[in-house]
Amino acid sequence: MRLAETEAEAESLRQADRLKDALLASVSHDLRTPLTAIKGIANEIWRGGDPERAHSIEQEADRLNDLVSDLLELSQLNAGSMRTSPSLNTADEVVGAALDRVEGAHGTGRIEARIENENGILAGEFDFAHTMRALTNLLDNAIKYSPAGTPVILRAWREGDRLRITVEDSGPGVAPADEARIFEPFFRGTRVADGMRGTGLGLSIARELAEVQHGSLTYEPREGGGSRFVLELPAGAATTF
């Protein structure tokens, strides 16, 4: 009797999760149209001679658009409908693409990339777009939560049959009590400064993107302070092209 009750409870939870994902996807999709309209109104205000107000409206609309995009992506990942196309790619290319995107938003000079490819080209079997997105989230977080002027260090190397990419920063790190929850959607650690904006979805999406292509994403405290995130993916069958 108890086993049947447990199975019924488990199925109820699964149904609740499916309903939640469907609701998130529906609401996120429906928000696209009003957000586009809001940006159009901001452009009209700009042309009307109030650029400061228009810029403020557009910034808030962009922030909401980022949240909507993250919600849609997370709902697709949770529903198992996110397509993956793993192929042989190089670490140099995917890291370079992530750097271009992050430095376009935050400026250059903060990120030190160290690709260890002494025995040839460092390659892996991964989905290029998904991996670039995961790295972009990790680098964006590292810059956002570390003091201005401190470096963010990205390292990539091969270890056995795995490609390992780490992102390290000198920020406040994660409180030990928060470590088990940092990959939960919407979770914000106790060491996050008041007023620091973010959706709380970046790490959750990054981990899901790693796992959907048979990889992993883990957190390690950094010696001397800060955070280290370790992305592992299947290594390429060859080290030269």
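Hydrogens, waters and symmetry mates play no part in the numbers below; they use all other heavy atoms, side chains included.
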Measure the [atom1]-[atom2] distance between [X] and [Y] for me, rounded to the nearest 0.5 Å.
X: Glu232; Y: Thr218; atom1: CD; atom2: OG1; value: 6.5 Å
X: Thr131; Y: Leu233; atom1: OG1; atom2: CG; value: 5.0 Å
X: Ile205; Y: Arg207; atom1: CD1; atom2: CZ; value: 14.0 Å
X: Ile121; Y: Ile115; atom1: CD1; atom2: CD1; value: 12.5 Å
X: Leu163; Y: Leu231; atom1: CG; atom2: CG; value: 7.5 Å
X: Glu208; Y: Phe183; atom1: CD; atom2: CZ; value: 11.0 Å

Problem set entry | Hydrophobic cluster identity match, Leu122 and Ile153, side-chain contacts under 4.5 Å | no
Exercise. In terms of hydrophobic clusters joined by side-chain contacts under 4.5 Å, are Tyr219 and Ile143 together?
Worked result: yes
Are the side chains of [Y] and [X] in contact, using a 4.5 Å heavy-atom criterion?
X: Phe229; Y: Ile182; answer: yes
X: Trp157; Y: Thr166; answer: yes
X: Ile165; Y: Arg155; answer: no
X: Val152; Y: Glu112; answer: no

[X]: what forms a side chain to side chain contact (heavy atoms under 4.5 Å, CB included) with it, not counting sequence neighbours?
X: Arg83; answer: none
X: Asn43; answer: Arg47, Glu58
X: Thr84; answer: Pro86, Asp127, His130, Val212

For this session: Identify whether the distance between the nearest side-chain nitrogen and carboxylate oxygen of Glu116 and Arg114 falls below 4.0 Å.
Result: no
Using the test side chain to side chain donor-acceptor pair (under 3.5 Å), find all partners of [X] that sit at least two apart in sequence or belong to another chain.
X: Ser204; result: none
X: Ser146; result: Arg110
X: Ser87; result: Asn89

Problem set entry | Any donor-acceptor N or O pair under 3.5 Å, side chains Ser227, Glu168 | no
Residues forming a salt bridge (charged side-chain N to carboxylate O under 4.0 Å, His left out) with [X], sequence neighbours excluded:
X: Arg53; value: none
X: Glu159; value: Arg164
X: Glu103; value: none
X: Arg101; value: none

Please tabulate, for the side chains in residues 134-142, all donor-acceptor contacts under 3.5 angstrom to protein atoms that are two or more places apart in sequence or on a different chain.
residue, atom, partner, partner atom, Å
Thr136, OG1, Met132, O, 2.7
Asn137, OD1, Arg133, NH1, 2.7
Asn137, ND2, Gly202, O, 3.0
Asp140, OD1, His106, NE2, 2.5

Side-chain atoms of residues 170-179: list all donor-acceptor pairs with protein atoms under 3.5 Å, sequence neighbours left out, distances to 0.1 Å.
residue, atom, partner, partner atom, Å
Ser170, OG, Arg222, NH1, 3.4
Asp178, OD2, Thr190, N, 2.8
Asp178, OD2, Thr190, OG1, 2.8

For this session: Apply the test side chain to side chain contact (heavy atoms under 4.5 Å, CB included) to residues Val230 and Leu217: give CA-CA distance (whole Å), side-chain angles for both, the deciding distance (0.1 Å), then the verdict.
Result: CA-CA 6 Å; Val230 183; Leu217 178 63; 5.8 Å; no
Exercise. Could you walk me through whether Leu203 and Phe187 pass the side chain to side chain contact (heavy atoms under 4.5 Å, CB included) check?
Worked result: CA-CA 9 Å; Leu203 290 178; Phe187 180 75; over 6 Å; no
